[in-house]
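Structure, as structure tokens:
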Amino acid sequence: MPKQSPIIAPSILAADFARLGEDTAAALAAGADWVHFDVMDNHYVPNLTIGPMVLASLRKYGITAPIDVHLMVKPVDRIVPDFAKAGASLISFHPEASEHIDRTLGLIRESGCQAGLVFNPATPLDHLDYVMDKLDMILIMSVNPGFGGQKFIPGTLDKLRQARERIEASGRAIRLEVDGGVTADNIGAIAAAGADTFVAGSAIFHAKDYAAEIAAMRKAIG
Ligand SMILES: O=C(CO)[C@@H](O)[C@H](O)COP(=O)(O)O
């Protein structure tokens, strides 16, 4: 299965929440492909962010690009239908946060969304063993979840290679996403390790020129 075309997904955690619609639209106009939507519950992770109502507002504002929802919440299942109704395209969750991983993946797909499983830096990939056929994306965290603006953990590169091998062996078109500390300086090495979907918050939203930053990332991906 050849690697899929690169996707750049700005994490709106680093956007200006007072003008979220405008800032999200600006990142897309600057060349981003998806919107990465970080949901934190002050329980599974020690931070509190945004939920389905904010996602619905982005859709109402006119954001039509795929919205990639990263759930850092526990429990997972009861919030899935609300995100699907609000307009999520893809919903990912952490195996530690779900009592029944297979059931949660089924619930996401039945709700009409694509499904992803997220791996923290110290979470082994073994959770993939019996669910590859139900996955549209694997998300490898390159920082511990909860906050933007952290430094990329270098050991992630090895984990990306291992995840890429599993995807190749499955023969399925599963995206391999990376999230945390991604910049134009390290994105080349991250792509070489096997990622095809790149989340970047601070690097894009804290840049003076979003388009220049995204272009630099695409150039480094090659
Ligand atoms: O999910 C998370 C953090 O938990 C990420 O999406 C970060 O928000 C990425 O931000 P940067 O490291 O790119 O600033």
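Start at 1 and go down the list; that is how both ligands and their atoms are numbered. Worth knowing before you read on, the calculation uses all heavy atoms, side chains too, and leaves out hydrogens, waters and symmetry mates.
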- Look at ligand 1 and say whether Gly146 reaches it with a heavy atom at a distance under 4.0 Å. yes
heavy-atom search around atom 8 (O) of ligand 1 in the protein gives Leu13 CD2, 3.1 Å
**Q.** Sub-4.0 Å heavy-atom approach of Ala14 to ligand 1
**A.** no
In ligand 1, the atoms that come under 4.0 Å of a heavy atom of Ala200 are 13 (O)
**Message:** Within the 3.5 Å criterion, strictly below it, is a donor on His70 or Asp68 matched to an acceptor on the partner's side chain?
**Reply:** no
In terms of heavy-atom contacts, Met217 and Ile204 come closest through CE-CG1, 4.1 Å
Within-cut-off N or O pair, Gly201 and ligand 1, under 3.5 Å = yes
for atom 10 (O) of ligand 1, nearest protein heavy atom and its distance come out as Gly148 CA, 3.7 Å
**Prompt:** Do side-chain atoms of Thr183 reach the backbone of Ala203 as a donor and acceptor pair under 3.5 angstrom?
**Reply:** no
* To do: Find out whether Val45 and Phe147 are in side-chain contact, i.e. whether some heavy atom of one side chain is under 4.5 Å from a heavy atom of the other.
  => no
One finds that the ligand 1 atoms under 4.0 Å from a non-hydrogen atom of His36 are 6 (O)
I'd like to know if the side chain of Gln114 pairs up with that of Ser89 as donor and acceptor (distance under 3.5 Å, no hydrogens or angles considered). no
Discussion item. The test is side-chain hydrogen bond (donor to acceptor under 3.5 Å, both in side chains); show your working for Asp102 and His100 and say whether it passes.
Written reply: CA-CA 6 Å; Asp102 183 87; His100 306 285; over 6 Å; no
Practice task
For residues Val143 and Pro121, determine if any side-chain heavy atom of one lies less than 4.5 Å from a side-chain heavy atom of the other.
Solution key: no
ask   = Do Asp38 and Thr49 have a side chain donor and acceptor closer than 3.5 Å?
value = no
How about Met137 and Leu90: do any of their side-chain heavy atoms sit closer than 4.5 Å? yes
Looking only at non-hydrogen atoms, the one of Val118, Asp179, Val39 nearest atom 9 (C) of ligand 1 is Asp179
Atoms of ligand 1 under 4.0 Å from any heavy atom of His70, numbered from 1 in the order shown, are 1 (O)
Under 4.0 Å from one or more heavy atoms of Ser202, ligand 1 contributes atoms 11 (P), 13 (O), 14 (O)
heavy-atom search around atom 3 (C) of ligand 1 in the protein gives Phe147 O, 3.4 Å
Numbered in order shown, the ligand 1 atoms found under 4.0 Å of a heavy atom of Met72 are 1 (O), 4 (O)
Within 4.0 Å of some non-hydrogen atom of Pro145, the atoms of ligand 1 are 4 (O)
Check your understanding: Taking both backbone and side-chain atoms of Gly181, is any N or O found less than 3.5 Å from an N or O belonging to ligand 1?
Key -> yes
The atoms of ligand 1 lying under 4.0 Å from a heavy atom of Gly149, numbered in the order shown, are 11 (P), 12 (O), 14 (O)
Numbered in order shown, the ligand 1 atoms found under 4.0 Å of a heavy atom of Gly180 are 12 (O)
>> When you measure from the heavy atoms of Met141 to every atom of ligand 1, does any distance fall below 4.0 Å?
In response: yes
Tested for side-chain contact (heavy atoms from CB on, under 4.5 Å) against Leu176, the lone hit among Thr197, Ile190, Ile167 is Ile167
Item to check | Ser98 side chain to Thr104 side chain, donor-acceptor N/O pair below 3.5 angstrom | outcome: yes
For ligand 1, which is the ligand I care about here, please tell me if Asn144 has any N or O atom under 3.5 Å from one of the ligand's N or O atoms. no
